[in-house]
Amino acid sequence: MSAAIVSTPVGLRSTISRISLQKQACKSAVSSSSAACSVGRRGRTSPGVIKLRRTFVTINRTRVAGNQRTAAVVCSAATLEGMKTYNYADLSDKERMEICARPRIDFSSIMDTVTPICEAVRESGDDAVKSYTSQFDGVDLDQVTVELKGVPLPSLDPEVQAAFDVAYENIKSFHSAQQSSTLTVETMPGVVCRRVARPIEAVGLYVPGGTAVLPSTALMLAVPAALAGCSKVVLATPPQKSASGEGPLGRIPPEVLYCAIKAGVTHLLQAGGAQAVAAMAYGTQSCPKVDKIFGPGNQFVTAAKMTLQNSEAMVGIDMPAGPSEVLVIADRDAPHSFIASDLLSQAEHGKDSQVVLVALPGVDVPEICAEVERQRALLPRGDIASEALSHSFVVNVADKETACNFSNLYAPEHLIVNVDDAESWLPSITEAGSVFLGRWTPESVGDYASGTNHVLPTYGYARMYSGVSLDSFQKYMTVQELTEDGLKLLGPSVAKMAEIEGLDAHRRAVTLRIGMD
């Protein structure tokens, strides 16, 4: 595999750090092929650079002319093309914001595809879902939605079933603990206020099934929905053309079906993409209309969710979502193999995923990058990971405070803190979807079975959104009850405020009761 030449983002000045070349052979090879490098252009390199397979090489060319500095050139061998390295101290505030920007998604063109699909489902219901499922998934459905009451659990390999059972119990345990009792406060004598939880009656759960089947997502969404008391739980997942099961659910992966039934799903919608989201939002002849839609998905699923929450469908969504991502903070004692495997665990999700390494002093970045390549070459989804690495990067920082500042600025979906005494870092972490502390906490445990939820805000939305929890499936009502004495005590203040705001009917609703008029 050839090396590639990648320029820095527009607006960045000479911010890419110099990584020393540790072998004279590498120096010679780079020197002999320097003509292949040019700022802002991507292309093949000469055979001399190709020989640098599995070696992460960075050339920092800076040219000072007055106050102008040229962008640096990164030549990175093997599949680590474009994984740039920055020194935090060399970046301006603007440049720090620029490198935190995620790969852009062109939603305008996506909406041109999604909007007609949603309209067709609204008008034609199941017929439209069948048509799009045949077109996009290559499956001709006899039954769009199947009620799961009475459907037996499918038979799984005993080890597979045991793994999902462990995950189910841990997810249930953690989310059960989130149950809150009714809050009751007497704010003044005779004035009692309460806050009570009620389930969202009908919810839709989207479980992706494109490049990877994700039964774990079925557990992450269905378990808290059942605990919250949602009466209708619709799970949508694409049918698999390659599946060969029997019965109306024969095209659904048995692992997804097992998790859905075990966790209390009431209806299974055999569809994916925008058509599935629209079916749950509007309802069809076989699919109940839901009040809120949850779950990750590709750009078309995300666009459909965002479009329909602002439509006459009257449906809520859990959060905006983007490609998966992880930020790893590592100190000098963090094992290179651990760091590399954590970066790749997110890079393999999709070509648009992004991974970031924040390196404290003493971290051997070139060796970590070499380890990433060694592990990537062994992965079945290594080509996907390679594409994700091409828009990922490393940031060198001086200390704990700087590492936390940058992490909070980036606001990652997943944050791994692979340092000594990781617990002491937690008070400084304010912006992250889910945090993984210490040497022995890979992000994978949260994805599957630790008990926390893996449906998390991405794309920087961790600044204002939380991950899915029991609360996501509930809404809260406030209740107040006053005695006559309580209203006599509080009423004059209410009446005076209503008078100031010019709302006389509000004032009279109080004064008529307590004889002030």
Side-chain angles (χ1 to χ4, degrees), residues 114 117-122 125-126 128-129 132-133 141 143-149 175 198-210 214-239 249 252 256-257 259-261 263-298 300-321 453-456 465 467-475:
V114 165
I117 293 174
C118 293
E119 283 301 304
V121 172
R122 182 178 67 85
D126 282 350
V129 175
Y132 287 121
T133 301
L141 295 173
Q143 198 170 345
V144 172
T145 308
V146 178
E147 288 194 52
L148 295 184
K149 184 178 181 180
H175 288 76
R198 294 291 184 268
I200 298 173
E201 291 299 323
V203 296
L205 319 178
Y206 189 88
V207 175
L214 301 176
S216 57
T217 300
L219 290 176
M220 294 292 174
L221 296 174
V223 169
L227 290 171
C230 303
S231 59
K232 289 182 181 177
V233 181
V234 181
L235 186 149
T237 196
L249 292 167
I252 300 301
V256 174
L257 184 58
C259 292
I261 295 172
V265 170
T266 61
H267 297 74
L268 199 146
L269 169 61
Q270 302 186 91
Q275 62 270 27
V277 177
M280 293 188 288
Y282 289 116
T284 69
Q285 292 87 345
S286 66
C287 179
K289 175 185 167 26
V290 304
D291 300 311
K292 189 174 181 180
I293 298 174
F294 299 79
N298 62 21
F300 297 96
V301 170
T302 298
K305 288 170 65 178
M306 295 175 70
T307 297
L308 290 164
Q309 76 165 335
N310 294 311
S311 74
E312 67 275 16
M314 287 291 291
V315 67
I317 66 171
D318 47 359
M319 68 192 83
N453 208 289
H454 79 199
V455 182
L456 301 166
Y465 284 92
V468 165
S469 67
L470 185 68
D471 279 353
S472 305
F473 295 87
Q474 298 176 322
K475 68 264 189 180

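Given the structure is predicted, the values throughout are model-derived calculations rather than measurements.
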_Side chain Gln270, main chain Gln143, donor-acceptor under 3.5 Å_ = yes
*Given side chain to side chain contact (heavy atoms under 4.5 Å, CB included), test Leu148 with Leu249 step by step and report yes or no.*
CA-CA 10 Å; Leu148 295 184; Leu249 292 167; 3.8 Å; yes
*asked:* Tell me the closest heavy-atom pair linking Gly467 and Leu456, and the distance in Å.
replied: CA-CD2, 3.9 Å
*What residues, two or more places apart in sequence or in another chain, satisfy salt bridge (charged side-chain N to carboxylate O under 4.0 Å, His left out) together with Glu147?*
none
*Which residue pairs pass the ring pair (Phe, Tyr, Trp, His ring centres under 6.0 Å) test when at least one of the two sits in residues 263-290, sequence neighbours left out?*
none
*Val144 side chain reached by Cys287 side chain, heavy atoms, under 4.5 Å*: no
*First locate atom NZ of Lys289, then atom CE of Met280, and finally report the distance between them rounded to the nearest 0.5 Å.*
11.0 Å
*asked:* Keeping Asp126 on the side-chain end and Ser286 on the backbone end, is there a donor-acceptor pair under 3.5 Å?
replied: yes
*Sort out for me which residue in Ile293, Ile117, Val315, Ile317 forms a side-chain contact (heavy atoms from CB on, under 4.5 Å) with Val277.*
Ile293
*Does the side chain of Ser472 pick up a donor-acceptor pair with the side chain of Asp318 at under 3.5 Å?*
no
*More than 12 foreign heavy atoms under 6.0 Å from NZ of Lys232: is that the case here?*
no
*First locate atom NZ of Lys292, then atom CE of Met314, and finally report the distance between them rounded to the nearest 0.5 Å.*
14.0 Å
*Sub-4.5 Å side-chain heavy-atom contact between Ile261 and Leu268*: no
*Heavy-atom side-chain proximity of Val455 to Pro296 below 4.5 angstrom*: yes
_Side-chain donor or acceptor of Thr237 paired with backbone N/O of Val207 under 3.5 Å_ = yes
*Where the side chain of Ser311 meets the backbone of Leu308, is there a donor-acceptor pair that is under 3.5 Å apart?*
yes
*Minimum heavy-atom distance Cys118-Ala278, with the two atoms named*: CA-CB, 3.8 Å
*asked:* Using every non-hydrogen atom in the two residues, find where Ala222 and Val265 come nearest and quote the distance to one decimal.
replied: CB-CG2, 3.7 Å
*Examine distances only and state if a side-chain atom of Ser231 and a backbone atom of Glu201 form a donor-acceptor pair shorter than 3.5 Å.*
yes
*Nearest non-hydrogen partners of His175 and Pro224, listed with the distance*: CD2-CB, 3.8 Å
_Do Val146 and Ile252 have side chains that approach each other closer than 4.5 Å (heavy atoms only, starting at C-beta)?_
no
*Residues two or more places apart in sequence or in another chain: which of them pass ring-ring contact (aromatic ring centres under 6.0 Å, His included) with Phe300?*
none
_Gly295 versus Leu221, closest heavy-atom pair with distance_ = CA-CD1, 3.8 Å
*Could you go through the side chain to side chain contact (heavy atoms under 4.5 Å, CB included) check for Phe473 and Val468 one step at a time?*
CA-CA 9 Å; Phe473 295 87; Val468 165; 3.6 Å; yes
*Reported NZ-to-CD1 distance for the pair Lys475 and Ile200, which is rounded to 0.5 angstrom*: 6.5 Å
_Minimum side-chain heavy-atom gap Thr302-Lys305 below 4.5 Å_ = no
_Assess the residue pair Gln285 and Thr145 against the criterion (side chain to side chain contact (heavy atoms under 4.5 Å, CB included)); give the C-alpha distance rounded to whole Å, side-chain angles, the decisive distance to 0.1 Å, and a yes or no._
CA-CA 9 Å; Gln285 292 87 345; Thr145 308; over 6 Å; no
_Heavy-atom closest pair, residues Cys230 and Pro199_ = N-CB, 3.9 Å
*Roughly how far, to the nearest 0.5 Å, is OG1 of Thr217 from OH of Tyr206?*
11.0 Å
*Could you walk me through whether Leu269 and Thr284 pass side chain to side chain contact (heavy atoms under 4.5 Å, CB included), step by step?*
CA-CA 11 Å; Leu269 169 61; Thr284 69; 5.9 Å; no
